[in-house]
Each structure stands twice: as structure tokens, then as C-alpha cells.
Amino acid sequence: RARAVNHLNLGSVLRAQGRHAEALATLTTSLDLHRAAYGEGHPNLWKPLFNLGAVALDAGMFPEAEVYFDQALTLAASAFGPDNRKVLETHRALMALFNDAGRSDRARDQASVPLAICDEKFPASEPLCLDLRRLLAHSLEILGEPLQSLTLREQILDVARRLADTEGF
């Protein structure tokens with residue numbers, strides 16, 4: 001288990017250095033070690049799957065990133081419940097992936113589930129939920145829906161202003 005975590009940490013460092021091929025290889029080893037230590041479907045597989053998706057996204061390997069993120073999303077929803085932050089983080093990663101891959105329609109569609117969770121379970125000021133809204137606004141702008149995009153951006157700005165007023169900025 002320690003080797004699995006060490007490979008996970010090393011993969012994160014390699015990603016930060018932009019060494020994508022090495023990061024992918026190291027994180028794949030981490031995933032294999034996690035599977036051997038914990039078994040398929042264990043919650044501890046979420047992080048290596050998510051990190052593999054993030055590295056693949058950074059490297060422009062969109063189909064591979066989508067596979068990893070989809071696996072991470074399925075695992076997170078099953079292991080942690082549909083309203084867990086890991087689920088929201090994975091939805092956010094998929095939305096960013098779809099926007100980067102020129103599939104803003106998929107990003108828009110991806111937003112419905114996590115934003116419903118945000119509206120039901122989290123305060124309007126939750127940074128993860130604000131970021132999901134920001135990504136959706138970006139998608140809508142690209143899709144030629146500027147009014148909807150502007151409305152979302154104004155809502156985000158309103159929340160940020162209220163936070164600033166509350167915190168004395």
C-alpha cells in the first residue's frame with residue numbers, strides 16, 4: 001500500500017513538472033498497486049483514476065481522460081454517494097475536458113447533475129459549485145447562448161460580492 005501511495009505522489013509531482021508520459025506510467029503503476037492492495041471498486045481507487053484523467057487531460061489525450069474520469073465518477077458515486085465532493089470534482093473535471101475538447105454541448109449536459117446537487121446540498125458560496133457554474137457559463141457562451149451565459153456569470157458575481165461584503169474586503 002505504501003508503494004501505491006508513493007507512486008501516486010510521484011505521479012502528481014511529475015504532472016506538476018509537465019512530464020506527462022512519465023506521470024501516466026507512474027500513475028498507471030499506482031492504480032495497479034491500489035487494485036492489488038484493495039481490490040476492484042474500492043474507494044481508494046478514485047484518486048489514481050482521477051489523477052490519470054487529469055494527466056491525460058493536461059496532455060491533450062481527451063478520449064483517455066474521459067475514460068479515466070468516467071471510471072472515477074462511477075466509483076465515487078457508488079462508494080461515497082452522489083452528493084459527495086469527489087463526485088462534484090469529477091463532474092467538474094469532465095466539464096473542463098469537454099470544453100477543452102471542443103464538445104461544449106457535452107459540458108452543458110454534464111452540468112445538470114452536479115448543479116442540481118449543488119442547489120440542494122451546498123450553499124451558493126461553495127467554491128466547487130461556483131466553478132461548475134463558471135464552466136457551464138463558458139460552455140453556453142461557446143454554444144452561442146450569451147444571455148444564459150451572462151445570467152450565470154452575474155449570479156456568480158453576485159455571490160462573490162456578498163462574500164466580499166461579509167468578509168470585510
Side-chain angles (χ1 to χ4, degrees), residues 1-104 106-107 109-136 138-139 156 160 163 167:
R1 292 181 184 185
R3 285 186 60 220
V5 172
N6 288 341
H7 277 81
L8 183 67
N9 293 335
L10 177 58
S12 297
V13 170
L14 292 167
R15 175 186 178 213
Q17 294 175 345
R19 297 163 60 183
H20 300 122
E22 292 170 272
L24 285 169
T26 302
L27 289 169
T28 299
T29 300
S30 174
L31 179 60
D32 293 342
L33 291 168
H34 274 86
R35 282 186 171 132
Y38 298 104
E40 194 63 45
H42 192 278
N44 285 352
L45 298 179
W46 179 81
K47 191 66 171 177
L49 284 167
F50 186 88
N51 285 3
L52 278 162
V55 172
L57 176 58
D58 290 349
M61 301 167 58
F62 301 133
E64 294 86 348
E66 185 175 356
V67 168
Y68 289 126
F69 286 142
D70 280 341
Q71 290 175 11
L73 180 60
T74 300
L75 178 69
S78 170
F80 306 115
D83 57 354
N84 183 277
R85 288 183 192 282
K86 287 179 170 64
V87 172
L88 295 179
E89 287 176 35
T90 309
H91 277 293
R92 178 181 60 188
L94 279 163
M95 289 175 67
L97 161 70
F98 293 140
N99 277 332
D100 289 354
R103 297 165 57 198
S104 294
R106 286 287 308 274
D109 297 344
Q110 187 75 38
S112 62
V113 170
L115 287 178
I117 293 167
C118 283
D119 291 343
E120 184 178 326
K121 303 282 184 179
F122 294 94
S125 59
E126 167 59 41
L128 189 52
C129 295
L130 290 171
D131 200 37
L132 286 162
R133 284 182 169 76
R134 181 191 59 77
L135 285 167
L136 176 57
H138 180 69
S139 301
I156 295 166
L163 278 175
E167 296 175 3

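This structure is a prediction, so every number in the text was calculated from the model and none was measured.
- Proximity of Val87 to Pro82: side-chain heavy atoms (C-beta onward) are nowhere separated by under 4.5 Å.
- A donor-acceptor pair under 3.5 Å is formed between the side chain of Ser30 and the backbone N or O of Ala4.
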Inset, instruction - Show your working on side-chain contact (heavy atoms from CB on, under 4.5 Å) between Asp83 and Glu120 and close with a plain yes or no. - result: CA-CA 9 Å; Asp83 57 354; Glu120 184 178 326; over 6 Å; no
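- Residues passing the ring-ring contact (aromatic ring centres under 6.0 Å, His included) test with Tyr68, sequence neighbours excluded: none.
- For Arg85, the side chain to side chain donor-acceptor pair (under 3.5 Å) test picks out Glu126, with sequence neighbours left out.
- Across every non-hydrogen atom of Leu132 and Pro114, the tightest pair is CD1-CB, 3.8 Å.
- Distance CZ/Arg15 to CG/Leu10: 14.0 Å, rounded to 0.5 Å.
- Taking Asn44 as the reference, Tyr38 meet the side chain to side chain donor-acceptor pair (under 3.5 Å) condition, with sequence neighbours excluded.
- Between Phe98 and Ala107 the shortest heavy-atom distance is CB-N, 3.6 Å.
- Between Ala72 and Leu49 the shortest heavy-atom distance is CB-CB, 3.9 Å.
- Side-chain atoms of Lys86 and Pro43, non-hydrogen and from C-beta on, never get closer than 4.5 Å to each other.
- Distance CG/Leu14 to NE2/His7: 10.0 Å, rounded to 0.5 Å.
- The distance from atom CG of Asp70 to atom CG of Leu94, rounded to the nearest 0.5 Å, is 5.5 Å.
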Give the table of side-chain donor-acceptor pairs shorter than 3.5 Å for residues 16-29, with sequence neighbours excluded, one pair per line with atom names and distance.
residue, atom, partner, partner atom, Å
Gln17, OE1, Arg19, NH1, 2.8
Arg19, NE, Glu22, OE1, 2.8
Arg19, NH2, Glu22, OE1, 3.4
Arg19, NH2, Glu22, OE2, 2.8
Thr26, OG1, Glu22, O, 2.8
Thr28, OG1, Leu24, O, 2.7
Thr29, OG1, Ala25, O, 3.1

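- Distance check: Leu128 CG to Arg92 CZ gives 5.0 Å after rounding to the nearest 0.5 Å.
- The two residues Leu136 and Ala111 come nearest to each other via the heavy atoms CD1-CB, 4.0 Å.
- A pairwise comparison of heavy atoms in Ala65 and Leu97 identifies CB-CD1, 4.0 Å as the closest pair.
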Inset, instruction - Decide side-chain contact (heavy atoms from CB on, under 4.5 Å) for Ile117 and Val113; before the verdict, give the C-alpha distance in whole Å, the side-chain angles of both, and the deciding distance to 0.1 Å. - result: CA-CA 6 Å; Ile117 293 167; Val113 170; 4.1 Å; yes
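- Taking CG of Leu73 as the start and CH2 of Trp46 as the end, the distance is 10.5 Å to the nearest 0.5 Å.
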Inset, instruction - Output, in order, the C-alpha distance, side-chain angles, deciding distance and verdict of side-chain contact (heavy atoms from CB on, under 4.5 Å) for Cys118 and Arg133. - result: CA-CA 10 Å; Cys118 283; Arg133 284 182 169 76; 4.1 Å; yes
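- In this structure, Asp131 CG and His91 NE2 are separated by 14.0 Å, a value rounded to the nearest 0.5 Å.
- Taking the side chain to side chain donor-acceptor pair (under 3.5 Å) definition, one finds that Asp109 meets it with nothing, sequence neighbours left out.
- The shortest distance between side-chain heavy atoms of Arg35 and Leu31 falls below 4.5 Å.
- Under the ring-ring contact (aromatic ring centres under 6.0 Å, His included) criterion, Phe122 pairs with no residue at all, not counting sequence neighbours.
- Between Leu45 and Glu40 there is a side-chain heavy-atom pair separated by less than 4.5 Å.
- Across all their heavy atoms, Ser104 and Asn99 have their closest contact at OG-OD1, 3.1 Å.
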